[in-house]
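What follows is one structure encoded as structure tokens, with my remarks underneath.
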Amino acid sequence: MPYNQQNPYLGNQQIAGTPQMQVPFPVSTPSGGINVPGMLPVEESYIENILRLNKGKLVHVYTTFEHNSEWNAKIFNGIIEAAGRDHVILSDPQTGKRYLIPMIYVDFVTFDEPIEYEYPFGAGPLANYPPR
């Protein structure tokens with residue numbers, strides 16, 4: 001392979017007599033995700049997206065804190081205020097406390113009512129990360 005095709009700093013230069021390499025072109029899907037030919041489709045059902053779709057609902061967030069002698073496991077009960085890639089924010093209607101819980105500690109979440117899971121077309125900013 002010619003040196004300039006191996007070196008990303010030289011750009012996309014064509015040397016006479018060498019074959020041009022074809023790179024798959026990303027294609028946008030109706031759901032807003034991007035699929036690249038030959039790769040699995042981008043996943044959009046991240047936990048934070050599901051929690052965002054259920055903002056305002058009462059949930060029970062089960063967490064585990066390893067190496068904590070005071071409390072190893074804890075259940076947080078509250079209303080979903082917000083959710084991000086690495087956290088969820090709950091407000092406890094009984095105490096008025098707000099909890100910022102890092103997702104790394106979340107084991108699972110239970111709901112006392114039906115879960116909104118369908119992605120409404122054009123609804124708000126749902127996270128869409130590139131595949132790892």
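For the numbers below, each heavy atom of this structure counts, side chains included, while hydrogens, waters and symmetry mates do not. One-based numbering along the sequence shown.
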Within the 4.5 Å heavy-atom criterion, are [X] and [Y] side-chain neighbours or not?
{"X": "Thr64", "Y": "Trp71", "answer": "no"}
{"X": "Asp112", "Y": "His60", "answer": "yes"}
{"X": "Val106", "Y": "Ile101", "answer": "yes"}
{"X": "Val59", "Y": "Thr110", "answer": "no"}

Test item: Arg52 side-chain N/O and Ala83 main-chain N/O as donor-acceptor pair under 3.5 Å: yes
Common cluster, Ile75/Ile115, ILVMFWY with side-chain heavy-atom separation under 4.5 Å: no
Asp86: side chain to side chain contact (heavy atoms under 4.5 Å, CB included) partners, not counting sequence neighbours: none
Partner set under side chain to side chain contact (heavy atoms under 4.5 Å, CB included) for Tyr105, not counting sequence neighbours: Thr63, Phe65, Pro102
In Å, rounded to the nearest 0.5 Å, how long is the span from [atom1] of [X] to [atom2] of [Y]?
{"X": "Asn77", "Y": "Gln94", "atom1": "CG", "atom2": "CD", "value": "8.0 Å"}
{"X": "Ile80", "Y": "Ile50", "atom1": "CD1", "atom2": "CD1", "value": "10.5 Å"}
{"X": "Ile79", "Y": "Leu58", "atom1": "CD1", "atom2": "CG", "value": "5.0 Å"}
{"X": "Arg85", "Y": "Ile47", "atom1": "CZ", "atom2": "CD1", "value": "12.0 Å"}
{"X": "Ile89", "Y": "Tyr99", "atom1": "CD1", "atom2": "OH", "value": "14.0 Å"}

Glu113, CD atom: more than 12 neighbouring heavy atoms under 6.0 Å: yes
Of the non-hydrogen atoms in [X] and [Y], which two are nearest, and what is the gap between them?
{"X": "Pro93", "Y": "Gly78", "answer": "CD-CA, 4.2 Å"}
{"X": "Ser91", "Y": "Glu81", "answer": "OG-OE2, 2.6 Å"}
{"X": "Glu116", "Y": "Leu53", "answer": "CB-O, 3.6 Å"}

Row check, Phe76 ring normal vs Lys74 NZ/CZ: under 6.0 Å, within 45°: yes
Criterion side chain to side chain contact (heavy atoms under 4.5 Å, CB included) against Leu51, the qualifying member of Met103, Lys57, His87: Met103
Residues that Tyr62 engages under ring-ring contact (aromatic ring centres under 6.0 Å, His included), provided they are two or more places apart: Phe108
